[in-house]
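Report on the following structure.
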Amino acid sequence: SGQSPGWRPATRARRASAAPMTALIVFSGHLKGACKDARLLEHFSRQCDRVFGACEKVLVTYTTPFGVSVSGKRRAPTHRLSRAQCLRRISERVPFDAIQTIEETTSPLRADRYHQMVSSILLGMRMARSRHAIALRMRPDSGLGGINGILSNATLRTLLHTPADTV
């Protein structure tokens, strides 16, 4: 057939492993303490850039930085920055490719709140400029005040073995 000996068609798996994995980080949720201290957001952004072949970053957040608890009580602010001031401060430290602000649900039902969280992640994925092999969702306040975050590059590198098209 005119093909050299040992020729085999490239499989999707082989092509995917040859190309560097690309990632999308969707920071979604309340801004909370990230307004006051954006160092961890900046850290996660740099980390993603170092580990993946390309890393796009989007932010989907609420109009109020602190939100309302499930019991309906307003959370106490830890700073006096407006939403616009907060977004400006964070954007100076993290090169977001897109930012979207949405109204938080006022429903007392936990299912409605989870639905909005998942919808925010999907919105962030739709905001991406291109398709990525993996999408990571992180809270904007990850790593602050006991909120879990992927702090080490070694831990983030384990995601390089994740199958493509994973959220």
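Glu92 CD to Leu87 CG: the interatomic distance, rounded to the nearest 0.5 Å, is 11.0 Å. Distance OG1/Thr63 to NE2/His30: 8.0 Å, rounded to 0.5 Å. Taking CZ of Phe44 as the start and CG of Leu136 as the end, the distance is 11.0 Å to the nearest 0.5 Å. Rounded to the nearest 0.5 angstrom, Leu24 CG and Arg131 CZ are separated by 12.0 Å. Interatomic distance, OH of Tyr62 versus CD1 of Ile102, reported as 5.0 Å (0.5 Å rounding). One distance of note links CZ of Phe27 with CD1 of Ile99; it measures 11.0 Å at 0.5 Å rounding.
Judged as a side-chain contact (heavy atoms from CB on, under 4.5 Å), and not counting sequence neighbours, Thr106 has no contacts.
The closest donor-acceptor contact from the side chain of Gln116 to the backbone of Glu103 lies under 3.5 Å. In this structure, the side chain of Arg137 engages the main chain of Ser28 through a donor-acceptor pair within 3.5 Å. Judged by distance alone, the side chain of Ser45 and the main-chain N or O of Leu41 form no donor-acceptor pair under 3.5 Å. In this structure, the side chain of Gln85 engages the main chain of Ser82 through a donor-acceptor pair within 3.5 Å. A distance-only check finds no donor-acceptor pair linking the side chain of Arg129 to the backbone of Asp97 [under 3.5 Å]. A side-chain donor-acceptor contact under 3.5 Å links Thr61 to the backbone of Gly29.
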Verdict with supporting geometry, Ser130 and Glu56, side chain to side chain contact (heavy atoms under 4.5 Å, CB included): CA-CA 9 Å; Ser130 58; Glu56 189 172 352; 4.0 Å; yes

Verdict with supporting geometry, Gln100 and Leu123, side chain to side chain contact (heavy atoms under 4.5 Å, CB included): CA-CA 9 Å; Gln100 180 70 45; Leu123 173 62; 3.8 Å; yes

Working for side chain to side chain contact (heavy atoms under 4.5 Å, CB included), residues Thr101 and Arg83: CA-CA 9 Å; Thr101 304; Arg83 176 177 44 94; 3.6 Å; yes

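Put simply, the side chain of Leu81 does not reach to within 4.5 Å of the side chain of Arg88, judged on heavy atoms. Between Cys55 and Thr22, every side-chain heavy-atom pair lies at or beyond the 4.5 Å cut-off. Using a 4.5 Å heavy-atom threshold, the side chains of Met117 and Arg113 count as separate.
Summarising the geometry of Ala38 relative to Arg93, their closest heavy-atom pair is CB-CG, 4.1 Å, with the distance given to 0.1 Å.
Ion pairing between a basic and an acidic side chain is recognised when a charged N comes within 4.0 Å of a carboxylate O; Glu42 and Arg46 show such pairing.
Residues Val58 and Leu122 do not share a hydrophobic cluster, defined by chaining ILVMFWY side chains whose heavy atoms lie under 4.5 Å apart.
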